[in-house]
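These numbers were taken from a predicted model, which means no experiment stands behind them. Every chain is numbered from 1 and lettered A, B, ... according to where its sequence line falls, protein lines coming before strand lines.
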Protein chains: 2
Amino acid sequence: MDMRRLEVFYHVVEEGGFTRAATVMNLTQPTLSAAVRQLEDDLGTQLLNRLGREVSPTSAGRLLHGYARRIFALRKKAIAELTSLRTGDQGELLLGGSTIPGTYILPRLVADFSRQHAQIRVSLQLAATATIVNDLRQQRLELALIGGEINDRAFEVIPCFSDELVVIVPFDHQWSTGASIAEQELNNVPLLLRERGSASRKVLEARLESRGVSLDPENMVAEVGGNEALKQGVLAGLGAAVISRMAVAGELQRGELAELQLAGGPLQRRFYLLHARRVKLSVAAERFKSLVLSRGRTAVDSLDK
Amino acid sequence: MDMRRLEVFYHVVEEGGFTRAATVMNLTQPTLSAAVRQLEDDLGTQLLNRLGREVSPTSAGRLLHGYARRIFALRKKAIAELTSLRTGDQGELLLGGSTIPGTYILPRLVADFSRQHAQIRVSLQLAATATIVNDLRQQRLELALIGGEINDRAFEVIPCFSDELVVIVPFDHQWSTGASIAEQELNNVPLLLRERGSASRKVLEARLESRGVSLDPENMVAEVGGNEALKQGVLAGLGAAVISRMAVAGELQRGELAELQLAGGPLQRRFYLLHARRVKLSVAAERFKSLVLSRGRTAVDSLDK
DNA sequence: CATATCCATAGAAAACTCCTATATGTAAAA
DNA sequence: TTTTACATATAGGAGTTTTCTATGGATATG
């Protein structure tokens with residue numbers, strides 16, 4: 001069943017005649033005549049009773065007209081929704097975040113964004129960097145902010161926001177009065193570490209390597225699979241740890257944990273905003289990207305110096 | 001938004017690629033490429049992300065695909081319903097009947113028809129002949145069985161079924177023993193009549209006129225607007241009446257009323273099956289028409305002799 | 001009975017659809 | 001990295017379809 005002809009038929013019924021319908025559709029009457037006849041041939045059913053003055057649908061015609069109305073209403077609605085999606089009035093935004101940015105950075109950005117774009121549903125998935133990247137590739141996510149570095153030309157990667165890893169000890173630790181320690185001294189105390197492969201641990205190891213120090217396995221009290229658990233371990237007095245400042249900002253301020261300066265200077269790390277290069281961003285995602293960059297770009301620029 | 005292109009887009013998403021969709025649609029891949037591109041231009045929105053290996057919809061594309069699925073499902077359903085309507089498997093039949101045929105003939109026919117075509121909803125409207133004819137003209141009814149004669153080439157009129165008007169008197173009436181009376185004798189007893197213009201009255205007046213008799217207004221006890229009321233009047237002993245045999249068959253059999261033979265022979269009248277000539281009958285109506293004619297045609301043939 | 005109005009038909013012009021051939025790009029294999 | 005396989009994009013032309021103009025036929029109205 002040809003949709004164009006169905007549309008002609010629909011208008012003919014709606015206007016109660018070929019000539020009137022032709023006017024509405026900006027076509028000529030013979031065109032509509034032919035279209036309806038072809039539709040009737042196609043369906044093998046007479047759809048209209050042609051009376052002299054006007055035209056009325058047969059029972060088959062009434063049935064079909066009901067369907068046609070629903071079909072063209074759907075089309076109209078689809079166009080309207082596409083338009084409002086194109087102008088960014090509504091839509092869905094699927095975000096991903098690795099642990100630190102997903103916990104301490106994105107929630108605030110999402111809140112601000114949602115306030116400005118109440119019609120856009122935002123979903124934020126927290127997961128390991130590798131999972132996030134995979135979901136981006138399969139388009140289960142559109143945009144993500146992660147901690148690990150990505151070297152894949154399939155993704156557009158924009159450095160964005162930064163974080164400092166700090167050495168923390170319990171507030172009553174022997175070092176808690178010392179303002180600064182050398183990197184090698186980390187081997188002199190029980191140390192809690194994140195798991196091998198985590199971004200935090202990579203940054204720490206890179207710093208130690210540049211100083212010619214390697215971690216003494218004897219000192220590792222625990223390998224912990226999460227920043228919160230790591231923090232709890234230090235709070236419990238198990239030892240020292242290197243952790244994102246964002247994760248312990250509260251505890252440091254309240255004096256529950258003490259912070260030490262590393263001799264080699266602050267341990268900086270970057271976060272990265274990324275999305276699949278070939279997937280066109282939705283208007284919503286484009287807007288969120290702008291928001292993230294306007295907030296997080298300046299912080300990175302200072303790191304580059 | 002062109003429906004043909006929407007259909008192409010729908011299949012491309014459904015099959016996950018242009019080439020596969022082209023195979024399914026019996027078209028070539030460049031055709032689909034062009035169609036989707038034109039659809040995207042038309043809507044001003046990118047609908048598909050063309051990755052190297054395969055193709056996936058953008059968020060706009062997913063939205064549109066949902067609508068497309070519903071639209072084409074509706075079309076499919078419409079075709080299915082039209083087909084079952086064309087083969088007469090289901091549908092609606094709007095019948096009309098004037099008093100006598102609508103009360104004493106059509107109900108039985110409708111019952112038989114419904115038993116054979118359980119899927120077809122039948123509605124039967126009883127009304128005066130003029131109302132029925134008007135409803136046929138406006139297509140509120142498809143087919144009707146009436147008593148009055150119609151002279152309008154807009155209708156196909158088929159004589160069908162017949163009825164006899166009989167003279168009835170109360171069972172204890174002075175005439176109730178007499179087997180036959182002359183027409184002019186009707187003026188010698190109180191007479192109940194149907195209203196002027198009713199088909200029954202026209203038939204009676206025509207017979208009297210052919211005998212050179214006219215009704216004596218003095219004798220008319222009542223002009224009654226309905227056969228049932230007329231019958232009750234005679235049963236109550238108000239006088240004699242001329243009425244359809246069908247309306248009093250039970251009373252005659254039970255001896256509650258007595259029947260007289262007119263000297264001029266039985267007063268026959270015909271019924272007519274009719275429908276608007278220009279309106280194509282539905283399959284259901286066509287079948288009902290056949291049923292009516294097979295039952296009612298023979299009875300009429302005998303009248304023509 | 002003439003007139004106005006509406007639908008059907010015929011044939012030609014315009015538009016579009018679809019195809020073939022080819023280019024380009026991507027992902028997996030050598 | 002280069003090759004191979006596979007997928008989409010592009011260009012131009014053949015074929016079909018759509019649409020138009022002109023005209024004829026049927027019906028209701030004055």
Side-chain angles (χ1 to χ4, degrees), chain A residues 1-9 11-42 46-58 61 133-134 137-139 151-156 276-280, chain B residues 1-9 11-42 46-58 61 134 137-139 152-156 276-280:
Chain A
M1 177 165 62
D2 184 86
M3 286 294 203
R4 177 72 182 148
R5 289 169 189 159
L6 181 65
E7 195 172 3
V8 169
F9 166 75
H11 279 108
V12 170
V13 174
E14 205 70 4
E15 303 298 325
F18 288 76
T19 306
R20 272 184 294 279
T23 310
V24 170
M25 298 184 77
N26 284 315
L27 292 170
T28 60
Q29 167 266 315
T31 301
L32 306 211
S33 266
V36 173
R37 185 173 41 72
Q38 286 163 349
L39 185 64
E40 289 178 327
D41 288 352
D42 175 33
Q46 188 172 331
L47 297 171
L48 296 175
N49 289 305
R50 279 84 164 172
L51 307 123
R53 252 258 167 277
E54 57 190 320
V55 158
S56 72
T58 63
V133 168
N134 194 42
R137 204 186 299 273
Q138 311 208 355
Q139 297 186 56
N151 247 329
D152 187 332
R153 276 184 307 278
F155 294 99
E156 175 150 346
R277 205 183 284 276
R278 273 191 237 95
V279 176
K280 179 175 170 65
Chain B
M1 177 165 59
D2 183 87
M3 286 294 204
R4 178 70 182 149
R5 289 169 189 159
L6 181 66
E7 195 171 5
V8 169
F9 165 75
H11 279 106
V12 170
V13 173
E14 205 71 3
E15 303 297 326
F18 288 78
T19 306
R20 271 183 295 276
T23 309
V24 170
M25 298 184 77
N26 283 316
L27 293 171
T28 59
Q29 167 265 315
T31 301
L32 305 211
S33 265
V36 173
R37 185 173 43 72
Q38 287 163 348
L39 185 63
E40 289 177 327
D41 288 351
D42 175 34
Q46 188 173 333
L47 298 171
L48 296 175
N49 289 305
R50 280 82 162 171
L51 306 127
R53 255 249 170 285
E54 58 189 321
V55 157
S56 73
T58 63
N134 194 42
R137 204 187 299 274
Q138 310 209 359
Q139 296 186 55
D152 187 332
R153 275 184 309 281
F155 294 99
E156 173 150 348
R277 205 183 283 278
R278 276 193 236 92
V279 176
K280 178 175 170 66

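- The side-chain heavy atoms of L32(B) and H11(B), taken from C-beta on, include no pair separated by under 4.5 Å.
- Between F9(A) and V12(A), the closest side-chain pair of non-hydrogen atoms is not below 4.5 Å.
- The nearest whole Å value for the distance from the CZ atom in R5(B) to the P atom in dT17(C) is 5 Å.
- Atoms CZ (R20(A)) and C1' (dC7(C)) sit 12 Å apart, rounded to a whole Å.
- Checking dA7(D), dC7(C), dC18(C) against the side-chain heavy atoms of L27(B) singles out dC18(C) as nearest.
- As a whole-Å value, the separation of F18(B) CZ from dA23(C) P is 21 Å.
- Taking the side chain of D2(A) as heavy atoms from C-beta on, and the options dC18(C), dT18(D), dA8(C), the nearest nucleotide is dT18(D).
- Taking side-chain N and O atoms only, R4(B) has a distance below 4.0 Å to OP1 or OP2 of dC18(C).
- Remark: P of dT20(C) and CG of L32(B) are 13 Å apart, rounded to the nearest angstrom.
- Take the nearest nucleotide of DNA chain D for T28(A) and for G17(B): the residue whose nucleotide is more 5' is G17(B).
- Here the P atom of nucleotide dG25(C) and the CZ atom of R277(A) are 16 Å apart, to the nearest Å.
- Within the structure, every side-chain polar atom (N or O) of R50(B) is placed at least 4.0 Å from both OP1 and OP2 of dT26(C).
- With distances taken from any side-chain atom of P30(A) to the nucleotides dA21(C), dA8(C), dT17(C), the minimum falls on dA8(C).
- For Q29(B) against dA7(D), no side-chain N or O and base N or O form a donor-acceptor pair under 3.5 Å.
- The side chain of R37(A) places an N or O atom within less than 4.0 Å of a non-bridging phosphate oxygen (OP1 or OP2) of dT9(C).
- Using a 4.0 Å heavy-atom cutoff across all strands shown, T31(A) reaches at least one base atom of the nucleic acid.
- Using a 4.5 Å heavy-atom cutoff, the side chains of V36(B) and V8(B) are in contact.
- You'll find the side chain of D152(A) reaches within 4.5 Å of the side chain of R137(A), heavy atoms only.
- You'll find that the side chain of V55(A) is closest to dC7(C), out of dC7(C), dA11(D), dT8(D).
- Protein atom CD of Q38(B) is 14 Å distant from nucleotide atom C1' of dA11(D), rounded to whole Å.
- Atom CD in E7(A) sits roughly 13 Å away from atom P in dT18(D) (whole-Å rounding).
- Ion pairing between E40(A) and R37(A) fails under the 4.0 Å rule for side-chain N and carboxylate O.
- Side-chain proximity of S33(A) to dA7(D), dA9(D), dT9(C): nearest is dT9(C).
- Rounding to whole angstrom units, CG of residue L48(A) and P of dC6(C) are separated by 16 Å.
- In this structure, N49(A) reaches neither bases nor backbone, as no heavy-atom distance under 4.0 Å exists between it and the strands shown.
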